[in-house]
Number of protein chains: 2
Amino acid sequence: MAVRKQIESSLSVQEPLKRKGLSVTDSRKKILQLFMQQKGALSHGDIEKKAGATFDRVTIYRTLQTFLDKGIIHAIPSSDNAVRYALCQDECGPGHHHHQHIHFICGRCKQTFCLDDIVTPDLHLPKGYQSQEIDVLVKGTCKQCSATSKRA
Amino acid sequence: MAVRKQIESSLSVQEPLKRKGLSVTDSRKKILQLFMQQKGALSHGDIEKKAGATFDRVTIYRTLQTFLDKGIIHAIPSSDNAVRYALCQDECGPGHHHHQHIHFICGRCKQTFCLDDIVTPDLHLPKGYQSQEIDVLVKGTCKQCSATSKRA
DNA sequence: TACAAAAAAGCAACATAGTTGCAAAAATCA
DNA sequence: TGATTTTTGCAACTATGTTGCTTTTTTGTA
Ligand SMILES: [Mn+2]
Ligand SMILES: [Mn+2]
Ligand SMILES: [Zn+2]
Ligand SMILES: [Zn+2]
């Protein structure tokens with residue numbers, strides 16, 4: 001049973017890699033799996049912890065960069081010098097990420113979430129400024145943490 | 001002439017420090033001056049370069065933290081692990097920063113600007129999510145860079 | 001102005017984060 | 001399977017950030 005599950009998830013992890021023209025390696029499978037199992041976003045450090053000593057630190061850096069380049073993950077800015085990454089839902093590809101959703105950073109559980117249904121608003125910029133990409137970061141208390149504090 | 005200018009700016013730099021209840025030291029004056037002379041935002045690294053070997057790296061870290069705590073500067077998130085800082089225009093104080101403006105990151109000149117007149121939009125969050133603070137980061141080409149490319 | 005108390009700066013040592021070149025290992029494809 | 005291409009691991013290095021402790025500077029008061 002455990003074996004079967006492992007095979008299944010391994011298979012489902014191979015597809016996206018091949019579709020993006022990447023060779024399928026242990027580290028790429030493992031790291032992609034981590035992202036898929038995860039509700040929130042992951043920093044380099046998070047992955048290092050979760051993957052344990054399985055891979056070299058450098059491999060994780062390079063894998064994240066590759067995933068970013070290929071449009072498998074997107075970067076989420078932060079004010080704590082720890083950029084988070086999350087899977088792209090939309091059809092992102094090499095060179096072009098086009099996300100419209102906003103990001104939520106919970107001060108309680110410290111997790112960062114993609115709110116895929118909330119679209120970034122239109123902005124009226126001053127004359128001369130040309131916008132290419134908009135990131136909206138909302139800090140507050142997430143759904144889960146709001147619920148638990150209400151119950152307590 | 002040069003001396004007079006120096007005295008003037010030194011005076012104008014002391015006021016804000018005293019008003020926030022901070023003792024006036026060389027590094028605080030110098031760093032605050034750097035922010036006031038600057039159109040764009042500054043990272044820790046920027047300050048280290050601009051201040052030269054005048055101060056210890058640790059002093060710069062601690063000064064930025066102090067300025068942040070007292071509401072003299074605010075932090076601007078980034079996707080490159082280099083948080084920028086800029087002067088607070090609004091009346092921020094210990095504990096409470098309340099900014100409504102958005103930030104513009106120019107891909108050309110790599111500078112980050114506060115667009116103090118552009119107010120962060122209202123967002124409709126999913127049920128359960130509680131918002132405390134909103135950061136809007138716009139990436140694109142700034143006014144100045146747009147102008148120079150048009151001319152060329 | 002001089003002095004004591006409080007605050008900040010500097011220094012050292014350390015921890016963590018990120019980069020690069022190169023040789024060994026693994027994946028791909030014919 | 002075996003040659004070719006790609007990726008990984010390792011080492012060495014740079015950069016970034018933190019902490020404890022001592023010295024220096026600032027402040028408020030006598
Ligand atoms: Mn996202
Ligand atoms: Mn700002
Ligand atoms: Zn939460
Ligand atoms: Zn620019």
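To find a chain, count down the sequence lines: A is the first, B the second, and so on, and within it residues start at 1.
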> What integer distance in Å separates A/K20:NZ from D/dT7:P?
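So the NZ-P distance, A/K20 to D/dT7, works out to 16 Å.
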> What do the steps show when you test A/S79 against A/K139 for side-chain hydrogen bond (donor to acceptor under 3.5 Å, both in side chains), and what is the final call?
CA-CA 11 Å; A/S79 3; A/K139 292 174 196 169; 2.9 Å; yes
> Nearest-Å distance, CD1 (A/I31) to C1' (D/dT8)?
11 Å
> Please give, in whole Å, the distance from C/dA8 C1' to B/K30 NZ?
19 Å
> Take the protein atom CD of A/Q65 and the nucleotide atom P of D/dT8, then report the distance between them rounded to whole Å.
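Value for this atom pair: 14 Å.
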> Whole angstrom is fine here: how far is it from CG in A/L17 over to P in C/dA27?
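It is 12 Å, rounded to the nearest whole Å.
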> Filter on ring pair (Phe, Tyr, Trp, His ring centres under 6.0 Å), then keep only pairs touching residues 43-74 of chain A, sequence neighbours left out; what's left?
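Ring pair (Phe, Tyr, Trp, His ring centres under 6.0 Å) check on residues 43-74 of chain A returns A/H44-A/Y61, A/H74-A/H99, A/H74-A/H101, A/H74-A/H103.
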> Is there any ring pair (Phe, Tyr, Trp, His ring centres under 6.0 Å) pair reaching into residues 12-31 of chain A, and which pairs are they, with sequence neighbours excluded?
none
> Is there a donor-acceptor pair closer than 3.5 Å between any side-chain N or O of B/S131 and the backbone N or O of A/G140?
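Checking the backbone N and O of A/G140 against the side chain of B/S131, no donor-acceptor pair under 3.5 Å is found.
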> Would you mind building the protein contact string for nucleotides 9-19 of chain C? One character per nucleotide, 5' to 3', B for base within reach (heavy atoms under 4.0 Å), S for sugar-phosphate only, - for untouched.
SBBB----SBB
> Check for me whether the distance between the ring centres of A/Y85 and A/F35 falls short of 6.0 Å.
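Ring centres of A/F35 and A/Y85 not closer than 6.0 Å.
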> Between atom CG in A/L22 and atom P in C/dC29, what is the gap in whole Å?
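Nearest whole value for this atom pair: 12 Å.
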> Between B/F104 and A/L125, what is the shortest heavy-atom contact and its length?
CE1-CD1, 4.1 Å
